[in-house]
Amino acid sequence: MEVEKLAESLARRAGKLLKDNFAGVRSVEFKGAVDIVTEMDKKAEELIVGGILEKFPDHGILAEEGGEVIGSAPFRWIIDPLDGTTNYSHGYPVFCVSIGVEKNGEIICGVVFDPMQDEFFSASLGGGAFLNGKKISVSSTESLDTALLATGFPYDIRTNKDNNIDCFARFALKSQALRRAGAAALDLANTAAGRFDGFWELRLKPWDVAAGVLIVREAGGSVTGLSGAEFEIGDGNIVASNGLIHLEMTSVIEGF
Ligand code: IPD
Ligand code: CA
Ligand code: CA
């Protein structure tokens with residue numbers, strides 16, 4: 001399908017751009033107390049958005065750094081040109097490009113590309129999930145006790161008490177181990193690949209999750225809101241897991 005091919009080629013091109021410039025000195029602007037943007041976030045986004053509009057000028061776009069383009073076609077591209085920008089700006093090599101494509105409001109295609117590991121995660125609705133072309137599936141870990149989990153913290157951590165620290169402490173005591181790698185789209189992709197057994201986070205943006213949610217589901221996993229109710233892309237509170245530990249995860253989040 002045209003859309004999938006273009007999503008792959010743009011994610012790969014943007015990822016190469018990020019990798020090629022990884023060692024360079026870059027300017028950083030602060031969007032909030034700890035929320036930053038580098039010139040490479042913007043350059044990667046320009047490359048992706050330019051490539052979409054050249055091929056599909058009537059498609060809609062929601063991209064982190066550039067806001068929204070309303071299209072006349074039923075397609076909308078949801079783009080995080082650099083997920084893990086704090087890692088990138090510190091020279092910690094954990095980041096990715098994430099592109100999800102919606103048709104009539106439903107995600108039909110998702111790609112997450114980690115250029116440092118040369119790992120390309122992809123899924124299409126009903127077509128399964130893949131890592132570098134090989135089918136992937138979620139883990140078979142049956143209990144939280146032996147689960148490796150991933151999470152992150154919202155950018156308003158210093159000012160909003162609902163900042164995941166309580167939950168983090170509870171999971172630290174109940175799981176085998178926790179990781180805060182710093183790139184939500186990659187956390188989701190790694191959950192789909194069975195490396196993490198579960199992931200949760202608060203107040204993520206549509207571009208953090210659009211691709212990863214489809215990749216987890218197509219890999220056989222479950223994705224819901226924090227209480228186990230249906231996940232809403234606009235809400236951004238998310239629990240993603242192998243399905244087997246999902247109820248245990250939502251119970252811990254709810255404080256039981
Ligand atoms: C952030 C990363 C991080 C998560 C934050 C996100 P950015 O995205 O995904 O892991 O904890 O909530 O905003 O700013 O690096 O694109
Ligand atoms: Ca992000
Ligand atoms: Ca970003």
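Note that ligands are numbered from 1 as they come in the structure, with each ligand's atoms numbered from 1 the same way.
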Relative to ligand 1, is [X] under 4.0 angstrom through side chain, backbone, both or neither, heavy atoms considered?
X	value
D208	side chain
D187	neither
K205	neither
D80	side chain
E64	side chain

For the residue pair [X] and [Y], establish whether any side-chain heavy-atom pair is separated by less than 4.5 Å.
X	Y	answer
I99	F113	no
R13	I48	no
N242	T191	no
H246	T224	yes
I238	L188	yes

For [X], take its heavy atoms, then give the atoms of ligand 1 lying under 4.0 Å from any of them.
X	answer
A183	9 (O), 10 (O)
E201	4 (C), 5 (C), 11 (O), 12 (O)
L204	12 (O)
F153	11 (O), 12 (O)
T85	14 (O), 15 (O)
L82	16 (O)
G152	11 (O)

TODO: Test side chain to side chain contact (heavy atoms under 4.5 Å, CB included) on T141 and L148 and set out the steps.
DONE: CA-CA 9 Å; T141 302; L148 179 62; over 6 Å; no
Task: Listed once per pair and sorted, the salt bridge (Lys or Arg N to Asp or Glu O under 4.0 Å) pairs that draw on residues 247-256, sequence neighbours left out - done: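 Passing the test, one end in residues 247-256: no pairs.
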Open item on the list: Under 4.0 Å, counting heavy atoms only: does R203 come that close to any atom of ligand 1?
Closed with: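 R203: no contact with ligand 1 (<4.0 Å).
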- [ ] Would you check whether Y155 reaches within less than 4.0 Å of ligand 1, judged by its heavy atoms?
- [x]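 True for this residue.
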Task: is_close_aromatic(F153, F168), centroid dist under 6.0 Å - done: yes
Task: Hydrophobic cluster membership, F56 vs I78, 4.5 Å side-chain cutoff - done: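 Yes, one cluster joins them.
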Does [Y] offer a backbone N or O that forms a donor-acceptor pair with the side chain of [X] under 3.5 Å?
X	Y	value
E45	E65	yes
D80	S98	no
S241	G243	yes

Open item on the list: Pairing donors with acceptors under 3.5 angstrom, does anything connect the side chains of T159 and D156?
Closed with: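 Distance-only check fails for T159 and D156.
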Report yes if some N/O of [X] lies less than 3.5 Å from some N/O of ligand 1; otherwise report no.
X	value
T86	no
G182	yes
A185	no
A184	yes
G84	yes

TODO: Using a cut-off of 6.0 Å, state whether more than 12 heavy atoms not belonging to E68 lie near its atom CD.
DONE: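 It does: E68 CD has more than 12 such atoms within range.
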- [ ] Look at the aromatic rings of F75 and H59 and report parallel, tilted or perpendicular, splitting at 30° and 60°.
- [x]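 Aromatic pair F75/H59 classed parallel.
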Open item on the list: So, with waters excluded, how many protein N/O/S atoms does the Ca ion (ligand 2) have closer than 3.0 Å?
Closed with: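 Near the Ca ion (ligand 2), the number of protein N, O or S atoms below 3.0 Å is 3.
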